[in-house]
Amino acid sequence: MPHAGLTTERLTRAGAELADEVGFEQVTVSELARRFDVKVASLYSHLKNSQDLKTRIALLALEELADRAADALAGRAGKDALAAFANVYRGYAREHPGRYAAAQLRLDPETAAASAGVGHAQMTRAILRGYDLTEPDQTHAVRLLGSVFHGYVSLELGGGFSHSAPDTEETWARILDALDALLRNWPTP
């Protein structure tokens, strides 16, 4: 019999909070059971195992990011859209480092196709249409943006820029300027 008050959604959200506190890699069904002061077996009527929990946290993170990005992009185009999208990504990573790490989890193809990750790609492509990029350049640009955003955010979260000037905000603004300039002047093969 399932423990009163425990649901898959409640456990997923608690797992996401745990990820933000202790790191995504540290999230397990056992740790979650300790948080709820229940036996691990009580959670198995809601979750298959720790990998199932991590997948659910990843899907939640992708959904939260997509919702924030959609709100930020509404009515924007060009550099304004690019900056809004990038700032959502960076802000989410800073606010929810464990969930951000979860959003990077490799999902099986079927789960990925049904996830909010598809919406991320669609929003990125919508931004790029404002720069008149077509295929295959659009795909190259999607990969470039993802690499730059993830690389910068990962290095920043790891303290990689904390020991030198200029301020990371200034660097971030310059990166967005550089990406905008590159996208407006995309090189032809």
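- Using a distance-only test at 3.5 Å, with no hydrogens or angles considered, a donor-acceptor pair links the side chain of Ser42 to the main chain of Lys39.
- Note that the CG atom of Asn49 and the OG1 atom of Thr55 stand 8.0 Å from one another [nearest 0.5 Å].
- Applying the ring-ring contact (aromatic ring centres under 6.0 Å, His included) test to pairs two or more places apart or on separate chains, those with a residue in residues 111-149 are Tyr89-Phe149.
- Across all non-hydrogen atoms, the minimal contact from Ala81 to Leu73 is O-CD2, 3.3 Å.
- Going from atom CD1 of Ile127 over to atom CG of Leu133 covers 12.0 Å, rounded to the nearest 0.5 Å.
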Subject >> Derivation and outcome, side chain to side chain contact (heavy atoms under 4.5 Å, CB included), residues Leu53 and Leu43 >> reply: CA-CA 10 Å; Leu53 173 60; Leu43 303 187; over 6 Å; no

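- The environment of Arg94 atom CZ is dense: over 12 non-hydrogen atoms of other residues, nucleotides or ligands sit within 6.0 angstrom.
- Two residues are said to be in side-chain contact when any heavy atoms from C-beta on lie closer than 4.5 Å; Glu9 and Leu60 fail this criterion.
- Leu59 and Ser115 make their closest contact through CD2-CB, 3.5 Å (heavy atoms, listed as atom of the first residue, atom of the second, distance).
- Atoms CG and OG1, on Leu144 and Thr139 in that order, are 12.5 Å from each other to the nearest 0.5 Å.
- The distance from the OG1 atom of Thr12 to the NZ atom of Lys54 is 14.0 Å, given to the nearest 0.5 Å.
- Put simply, CD on Glu64 and OH on Tyr100 are 14.5 Å apart, with the number rounded to the nearest 0.5 Å.
- Following chains of ILVMFWY side-chain contacts shorter than 4.5 Å, one cannot reach Leu105 starting from Leu157, and the two form parts of different hydrophobic clusters.
- For Gln122, the side-chain contact (heavy atoms from CB on, under 4.5 Å) partners are Val118, not counting sequence neighbours.
- Within 6.0 Å of CD on Glu169 lie more than 12 heavy atoms contributed by other residues, nucleotides or ligands.
- Gly15 and Val27 make their closest contact through O-CG2, 3.9 Å (heavy atoms, listed as atom of the first residue, atom of the second, distance).
- In terms of heavy-atom proximity, Leu82 sits nearest to Leu176 at CD2-O, 4.0 Å.
- Here the closest heavy-atom approach between residue Ile57 and residue Ala102 is recorded as CG2-CB, 3.6 Å.
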Can you give the donor-acceptor pairs under 3.5 Å from side chains of residues 16-25 to other protein atoms, not counting sequence neighbours?
| unit_1 | atom_1 | unit_2 | atom_2 | d |
| --- | --- | --- | --- | --- |
| Asp20 | OD1 | Gly98 | N | 3.0 |
| Asp20 | OD1 | Arg99 | N | 2.9 |
| Asp20 | OD2 | His96 | ND1 | 2.7 |
| Asp20 | OD2 | Arg99 | NE | 3.0 |
| Glu21 | OE1 | Arg35 | NH2 | 2.4 |
| Glu21 | OE2 | Arg35 | NH2 | 3.4 |

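- For the pair Arg10 and Phe36, the minimum side-chain heavy-atom distance is below 4.5 Å.
- Here the shortest heavy-atom pairing between Ala72 and Val88 reads CB-CG2, 3.5 Å.
- Here the side chains of Asp132 and Trp186 are not in contact, with every heavy-atom distance at 4.5 Å or above.
- Thr168 contributes atom OG1, which lies 8.5 Å from atom CZ of Phe161 (distance to the nearest 0.5 angstrom).
- Residues Val142 and Leu62 do not share a hydrophobic cluster, clusters being chains of Ile/Leu/Val/Met/Phe/Trp/Tyr side chains in contact below 4.5 Å.
- The backbone N or O of Leu11 sits nowhere less than 3.5 Å from a side-chain atom of His46 that would complete a donor-acceptor pair.
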**OP:** Apply the test side chain to side chain contact (heavy atoms under 4.5 Å, CB included) to residues Val29 and Tyr44: give CA-CA distance (whole Å), side-chain angles for both, the deciding distance (0.1 Å), then the verdict.
**Re:** CA-CA 9 Å; Val29 172; Tyr44 286 126; 4.1 Å; yes

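- Put simply, the side chain of Glu63 never gets that close to the backbone of Ala116: no donor and acceptor are under 3.5 Å apart.
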